[in-house]
Structures are given as C-alpha cells and as structure tokens.
Amino acid sequence: MRRRVVVTGAGAISPVATSAAGLHEALCEGRSGLKPIELFETDGITGLGPRLAGEIRPFEPREWLGDRNLRPVDRTARLLLAAAQQALDAAGWAPELRTGRQAGLVIGTMYCSVRTIAEFDRRAVQLGPSYASPLDFANSVINAAAGQAAIWHGLPGVNSTISAGEASGLLSLATAADLIRTGRAEALLAGGVEELCFESFIGHLRAGRLAPAGTVGDTGRPVPFDARRDGAALGEGAALVALEEAGMADLRGATVLAEVLGHGSAFDPGGGTGRAEALARAIRQALDDAGLGPADVDAVSTGASGGVNEDRQEALGIAAALGDHAAMMPVTAVKSMLGEALGASGALQAVAALGTLADGILPGVLNLSEMDEGLPLNGVLSASRPIRARQVLITVCGSGGHCCALILGAA
C-alpha cells in the first residue's frame with residue numbers, strides 16, 4: 001500500500017487577505033483584490049493609463065518574520081517566507097520537528113525574482129560592473145527564494161524549485177506528495193510564489209494576455225468564462241501547505257485539513273491547439289491516481305483567468321475528462337478576484353479549496369453575468385454557494401502548454 005499524504009497546515013499571502021482562512025473568506029464574500037498598480041509606473045511607460053492588478057498592499061513581512069535582517073531577501077522571498085511561517089505555525093512544525101524529520105520544501109514559480117535579475121543587469125550595464133550589487137546577484141537565480149526559505153526556517157530536507165509556467169504552484173504540490181508517498185521525504189512545505197513587477201507585467205502586456213484598459217466596466221478587470229472576457233489581470237502572492245505522511249500526522253496528534261488523493265500533468269507542444277486534450281489527460285491521470293471516477297468530483301477550481309481561448313480550452317478539457325458530470329458541476333475561477341498570480345496561482349487555488357472542503361462553500365466568479373453559451377460548463381457560479389464537498393478537483397491550463405490537475409479530499 002502506498003503512503004497517504006495529508007495536509008496539516010497552510011499559509012497564504014494574497015491580494016485579498018494575508019492568511020489561509022482569510023483568503024477563502026474573502027473569496028466567498030466576493031471581495032476583489034484588483035486595484036490600480038502602485039509598485040511601478042504604468043501611465044508614462046505603457047501609455048495606457050492606470051492598470052489594475054492583484055497587488056498586495058500593505059505588505060509588512062515583519063508581522064510574521066520579526067526583526068531579523070530582511071535586507072538580503074527581495075520581495076519574492078519575503079512573500080514566500082511569510083507564507084511559510086504561517087504554514088509552519090499552523091501545522092505545529094516546531095524547529096526540532098523540522099530537523100528530526102528532515103523537513104524540506106518544494107516551491108513553484110514562473111519567474112521568481114525577475115525584478116532583482118533585471119535590476120542586477122541594469123546596474124552592471126548602465127553604471128559598470130563595479131556597481132553590480134552582490135545582494136542582488138544572490139537572488140538572481142530561479143531557486144533563490146526556495147533557498148532563502150530553507151535557510152530562514154531551518155529546513156534541512158528536500159529543496160526543489162519547479163518552473164512550469166502557471167502550473168508551477170500546483171505541480172509543486174503534486175511533486176511533494178509523490179516524494180512523501182515513495183518514502184523519499186517525511187514532511188514538506190509545498191506551494192508557489194510570484195511577485196508583481198514591471199518586467200513580468202510588460203511581457204504579458206506585449207504578449208496580448210492582459211485585458212485592455214476600460215473593459216468590462218472597469219480598467220482591465222478579468223471575467224473568466226464570461227462572453228465579454230478579453231484578457232487577464234496580473235496578480236502576485238505566495239501560498240504553501242504543510243504535507244506529511246498520514247501515519248506520522250496521526251502519531252503526533254496533528255489536525256488534518258485534507259488529503260492529496262491524486263494528481264496528473266501533461267503538456268501541449270502544439271502551441272495551444274491541443275491544450276484541452278492535454279488538460280483532459282492530466283485530469284484523467286489524477287482520477288486514476290486517486291482511484292476515483294468523474295462522478296466522485298464534487299467541485300472544480302479552475303485556473304481560468306479571462307483569456308478568450310485559454311478559458312475555452314480549460315472548459316473543453318474539463319468537459320472531455322468528466323463527461324456528462326461536467327455539465328452541471330459546480331465550478332469556480334478565483335482569478336477573477338486574485339488576478340493571474342502565475343507560479344503562485346495553483347497553490348492559491350489549493351489553499352482556497354481547503355476552505356471549501358472545511359465549510360462547504362465554493363466561491364463564485366466575480367462579475368460573471370453573461371456566461372459564454374459556447375462553453376460546456378453550465379455550473380459555473382456567479383456567486384458563492386453551499387455545496388457538498390468531499391473531493392475538489394483543481395485544474396491549471398497554462399499559457400505555455402503546461403497542464404496540471406490535483407484532487408484534494410476532505411479530512
């Protein structure tokens with residue numbers, strides 16, 4: 001028999017709340033975290049006026065990290081450190097437990113510290129090599145945040161960074177679960193992190209992935225699955241769950257929040273033409289891995305962010321995998337309130353799903369009023385609703401081709 005993997009704690013720093021419980025509560029209340037960007041200038045640079053994004057403000061990491069020196073860690077790492085501290089506290093992983101059980105972490109991110117990387121390069125080119133910051137250089141690798149978190153929180157076990165586009169955060173949970181299942185790790189933090197910065201904003205803007213200003217009655221406000229949708233809004237955040245083998249959790253009397261039942265992943269190498277089929281394969285893998293059928297899924301948390309074709313592909317993939325059960329399946333898309341948090345998004349969905357499993361409330365899709373009749377999902381919620389939630393399917397269909405599905409079961 002394979003080992004069972006359970007969730008014993010969670011932490012989240014998001015545009016709508018700075019705790020795991022607060023995240024779910026805010027989403028169920030329909031509170032949007034999208035606001036005019038203040039982290040960087042958009043008016044003069046893009047010529048498009050104020051833009052909305054899921055910016056976390058105020059964000060004061062010392063609330064969780066105390067008075068230790070934060071200078072060596074950038075915004076990405078600070079978001080991760082704060083969410084990790086929450087998850088460690090919630091799970092009751094004291095320092096001696098982290099050391100004794102060789103606790104580690106698996107982190108997903110799309111760009112990690114891209115702002116720091118760009119700043120290091122700018123200084124070196126514009127001012128000369130002698131002005132390049134050694135502190136910035138230490139954060140100019142994609143696994144910098146994971147390394148900083150392990151150092152800061154004393155995690156001597158597995159330390160891995162996964163970069164698979166928007167699927168990174170969810171894939172990190174799947175990878176961590178497999179490491180525990182196979183006995184290669186005993187306790188792992190898993191999740192994702194991403195910062196909002198000009199470099200990622202301008203890239204997604206130029207790629208045509210962001211909603212134009214002034215659409216849907218506001219400035220670039222996304223409406224997943226709506227007939228009027230025309231793009232996403234970027235977001236940021238960090239979300240982590242504490243995973244451990246079920247027997248160990250029981251032995252120490254830990255509170256179990258949920259169980260990782262199964263997962264699957266696939267890739268579309270066709271540049272978008274096979275995205276739905278890839279997601280369907282990932283979902284079928286997750287169901288097989290969990291020993292479940294389509295009828296056992298009680299709700300779906302999608303990664304839909306407002307993209308015209310992207311949302312369509314995700315809907316088609318879910319319908320292909322779940323068959324007749326997809327038609328009236330309760331479905332949500334929390335990026336309508338959080339924005340597209342890239343590598344953190346799947347982990348934020350997972351933490352929100354923990355709340356749904358706990359209280360039986362599934363958030364709705366904010367501003368959804370004209371459901372796209374061409375999509376095969378009739379159960380997309382426009383407002384939060386009580387549901388019978390024993391198994392929640394979480395899906396991510398990334399813009400680069402990475403697709404991932406994971407099933408969480410109630411404790």
**Prompt:** Any donor-acceptor pair under 3.5 Å linking the side chain of Lys335 with the backbone of Gly303?
**Reply:** yes
**Request:** Check the pair Arg78 / Glu195 against salt bridge (charged side-chain N to carboxylate O under 4.0 Å, His left out), numbers first and verdict last.
**Result:** CA-CA 10 Å; Arg78 293 179 187 190; Glu195 69 170 331; over 6 Å; no
**Prompt:** So do the side chains of Leu79 and Ile56 get within less than 4.5 Å of each other, counting heavy atoms only?
**Reply:** yes
**Message:** Quick one: does any side-chain atom of Gln102 pair with a main-chain N or O of Thr99 as donor and acceptor, under 3.5 Å?
**Reply:** yes
**Request:** Flag the pair Glu55 / Leu234 as yes when at least one side-chain heavy-atom distance between them is below 4.5 Å, and no otherwise.
**Result:** no
**Asked** Sub-3.5 Å donor-acceptor pair from the side chain of Glu245 to the main-chain atoms of Met248, do we have one?
**Response** yes
**Request:** Please answer whether the main-chain N or O of Tyr111 pairs with a side-chain N or O of Glu194 as donor and acceptor at a distance below 3.5 Å.
**Result:** yes
**Side-chain donor-acceptor contact under 3.5 Å, Glu166 with Ser399** = yes
**Asked** Can you check side chain to side chain contact (heavy atoms under 4.5 Å, CB included) on Arg57 and Lys35, steps first, answer last?
**Response** CA-CA 10 Å; Arg57 67 171 190 265; Lys35 54 186 76 73; 3.3 Å; yes
**Beyond-backbone contact of Thr302 with Phe225, side-chain heavy atoms, under 4.5 angstrom** = yes
**Request:** Look only at the side chain of Arg275 and the backbone of Gly398, and say whether a donor-acceptor pair between them is shorter than 3.5 Å.
**Result:** yes
**Request:** May I ask you to test the Thr395-Ile318 pair for a side-chain heavy-atom distance under 4.5 Å?
**Result:** yes
**Student check: side-chain heavy atoms of Pro222 and Leu34 closer than 4.5 Å** = yes
**Asked** Pairs in or reaching into residues 377-393: which pass side-chain hydrogen bond (donor to acceptor under 3.5 Å, both in side chains), with residues at least two apart or in two chains?
**Response** Asp298-Arg388
**Request:** Can you run down the salt bridge (charged side-chain N to carboxylate O under 4.0 Å, His left out) pairs that involve residues 2-30, sequence neighbours left out, and say none if there aren't any?
**Result:** Arg2-Asp289, Arg4-Glu259, Glu29-Arg31
**Prompt:** Has Arg281 got more than 12 heavy atoms of other residues, nucleotides or ligands less than 6.0 Å from its CZ?
**Reply:** yes
**Prompt:** When rounded to the nearest 0.5 angstrom, what is the spacing between CD1 in Ile394 and CD1 in Ile283?
**Reply:** 12.0 Å
**Asked** Are more than 12 heavy atoms from other residues, nucleotides or ligands located less than 6.0 Å from atom CZ of Arg252?
**Response** yes
**For the student: nearest non-hydrogen atoms of Ile387 and Ala299, plus distance** = CD1-CB, 3.5 Å
**Request:** Taking atom types as modelled, find out whether Gln285 and Ser265 have a side-chain donor-acceptor pair closer than 3.5 angstrom.
**Result:** no
**Item:** Side-chain donor/acceptor of Asn139 to backbone N/O of Pro72, under 3.5 Å
**Value:** yes
**Message:** Is it the case that the side chains of Asp74 and Thr116 hold a donor-acceptor pair, with the cut-off being a distance below 3.5 Å and no angle test?
**Reply:** yes
**Main-chain N/O of Ser172 paired with Thr175 side-chain donor or acceptor, under 3.5 Å** = no
**Request:** Look only at the side chain of Thr76 and the backbone of Cys112, and say whether a donor-acceptor pair between them is shorter than 3.5 Å.
**Result:** yes
**Message:** Between Arg122 and Glu199 (salt bridge meaning N to carboxylate O under 4.0 Å), is one present in this structure?
**Reply:** yes
**Asked** Heavy-atom distance under 4.5 Å between the side chains of Ile107 and Leu240, does that happen here?
**Response** yes
**Test item: Leu287 and Ile407 side chains (from C-beta on) under 4.5 Å apart, heavy atoms** = yes
**Derivation and outcome, salt bridge (charged side-chain N to carboxylate O under 4.0 Å, His left out), residues Asp226 and Arg229** = CA-CA 5 Å; Asp226 196 289; Arg229 70 188 186 278; over 6 Å; no
**Message:** For a quick test of reading the model, state the closest non-hydrogen atom pair linking Ala389 to Leu357 and the distance between them.
**Reply:** O-CD2, 3.8 Å
**Message:** Tell me whether Thr332 contacts the main-chain N or O of Pro363 through its side chain, where contact means a donor paired with an acceptor under 3.5 Å.
**Reply:** yes
**Request:** Would you mind reporting whether Ile180 and Val5 have side-chain heavy atoms less than 4.5 Å apart?
**Result:** yes
**Message:** Please determine whether the number of non-hydrogen atoms from other residues, nucleotides or ligands lying under 6.0 Å from atom CG of Asp324 exceeds 12.
**Reply:** no
**Message:** Is it the case that the side chain of Glu370 and the backbone of Ala227 share a donor-acceptor pair, with hydrogens and angles ignored and the cut-off at 3.5 Å?
**Reply:** no
**Message:** Working to the nearest 0.5 angstrom, can you tell me the gap between Cys403 SG and Glu277 CD?
**Reply:** 9.5 Å
**Asked** What residues, two or more places apart in sequence or in another chain, satisfy side chain to side chain contact (heavy atoms under 4.5 Å, CB included) together with Ala149?
**Response** Leu80, Leu81, Leu105
**Request:** Apply side chain to side chain contact (heavy atoms under 4.5 Å, CB included) to Cys404 and Leu170, showing your working.
**Result:** CA-CA 7 Å; Cys404 189; Leu170 195 61; 4.0 Å; yes
**Item:** Phe59: ring pair (Phe, Tyr, Trp, His ring centres under 6.0 Å) partners, not counting sequence neighbours
**Value:** none
**Item:** Non-hydrogen atoms of Pro386 and Ile361 that approach each other most closely
**Value:** CA-CD1, 3.8 Å
**Prompt:** Is it true that Arg75 and Glu236 have a side-chain N and a carboxylate O under 4.0 angstrom from each other?
**Reply:** yes
**Item:** Charged N-O contact under 4.0 Å between Glu244 and Arg101
**Value:** yes
**Request:** Sorted by first residue and then second, give each ring pair (Phe, Tyr, Trp, His ring centres under 6.0 Å) pair with at least one member in residues 146-186; sequence neighbours left out.
**Result:** none
**Prompt:** Who are the ring pair (Phe, Tyr, Trp, His ring centres under 6.0 Å) partners of His402, not counting sequence neighbours?
**Reply:** Phe267
**Request:** Taking all heavy atoms of Gly364 and all of Ser336, pick out the closest pair and write down the distance.
**Result:** O-OG, 4.3 Å
